[in-house]
Amino acid sequence: MEEFLRSFLEDEVNRLTYADLWNFVKSNSICRGTFEGQSHIIMKISSNQLIIYKLNIGMENTKCRPALMVAKNYLLKKINSRAYELQLPDIQNILD
């Protein structure tokens, strides 16, 4: 599953999407909802738990898809790690 998370971070964390992704994951006001990235979907099932799965268009008969359930703070740390690798401006603090 670590490879799945790494794939998600490489595909979704970039200069254009970092702020929107961060705000969706960090927000305590959003308890349920989805964030559609370029190739993954993040589904928030509570304020602290998220499910990440790959976006597969046109696969109505799919019986099973790989998915990852992750805690909010863990995902925020991973998003920031990728942002530091890319040297993105305005990286947010998890404790704010």
Side-chain angles (χ1 to χ4, degrees):
M1 283 301 174
E2 193 66 33
E3 187 174 317
F4 184 82
L5 184 58
R6 185 177 18 244
S7 168
F8 162 74
L9 293 169
E10 289 173 358
D11 291 346
E12 304 301 338
V13 179
N14 58 52
R15 188 175 304 273
L16 298 174
T17 60
Y18 172 77
D20 292 335
L21 178 60
W22 179 270
N23 291 333
F24 175 77
V25 174
K26 177 78 174 159
S27 175
N28 286 327
S29 349
I30 302 172
C31 293
R32 294 182 191 266
T34 58
F35 179 89
E36 188 171 328
Q38 295 178 20
S39 60
H40 292 82
I41 294 180
I42 302 104
M43 183 187 316
K44 206 166 199 186
I45 56 174
S46 73
S47 61
N48 292 316
Q49 294 290 320
L50 299 101
I51 297 175
I52 302 169
Y53 58 94
K54 194 145 180 86
L55 178 63
N56 293 325
I57 298 173
M59 297 190 65
E60 297 86 21
N61 295 328
T62 303
K63 294 185 184 207
C64 177
R65 264 193 241 188
L68 177 66
M69 182 177 224
V70 64
K72 175 175 80 172
N73 286 338
Y74 179 76
L75 183 57
L76 290 172
K77 288 177 185 177
K78 291 297 188 177
I79 289 170
N80 267 359
S81 293
R82 178 67 178 156
Y84 280 116
E85 284 176 21
L86 297 173
Q87 300 177 350
L88 299 180
D90 301 327
I91 295 175
Q92 303 294 315
N93 189 349
I94 293 174
L95 302 176
D96 287 343

Nearest 0.5 Å please: distance from the CG atom of Leu9 over to the CZ atom of Phe4.
-> 10.5 Å

Atom pair CD/CD of Glu85 and Glu10 - distance to nearest 0.5 Å = 8.0 Å

Which atoms form the tightest heavy-atom contact between Tyr18 and Asp90, and what is the distance?
-> CE2-O, 3.7 Å

Interatomic distance, CG@Leu76 vs CG@Leu21, rounded to 0.5 Å, equals 8.5 Å

State plainly whether the residues Glu3 and Arg6 are in salt-bridge range, i.e. N to O under 4.0 Å.
-> no

Pair Thr17, Asp20: side-chain N/O donor-acceptor within cut-off below 3.5 Å | no

Which pair of non-hydrogen atoms, one from Val13 and one from Ala83, has the smallest distance, and what is that distance?
-> CG1-N, 4.2 Å

Transitively linked via ILVMFWY side-chain contacts under 4.5 Å: Leu16 with Ile91?
-> no

Test log, rule side chain to side chain contact (heavy atoms under 4.5 Å, CB included), inputs Trp22 and Leu75 = CA-CA 9 Å; Trp22 179 270; Leu75 183 57; over 6 Å; no

Under 3.5 Å, side chain of Asn80 to main-chain N/O of Gln92, donor-acceptor pair present?
-> yes

Distance-only donor-acceptor hits, side chain of residues 40-55, under 3.5 Å, sequence neighbours excluded:
| unit_1 | atom_1 | unit_2 | atom_2 | d |
| --- | --- | --- | --- | --- |
| His40 | ND1 | Glu12 | OE2 | 3.3 |
| Lys44 | NZ | Phe24 | O | 2.9 |
| Lys44 | NZ | Val25 | O | 3.2 |
| Lys44 | NZ | Ser27 | O | 2.6 |
| Lys44 | NZ | Ile30 | O | 3.2 |
| Ser46 | OG | Asn48 | N | 3.3 |
| Ser46 | OG | Gln49 | N | 3.2 |

Once you round to the nearest 0.5 Å, how far does CG of Leu86 lie from CZ of Arg82?
-> 4.0 Å

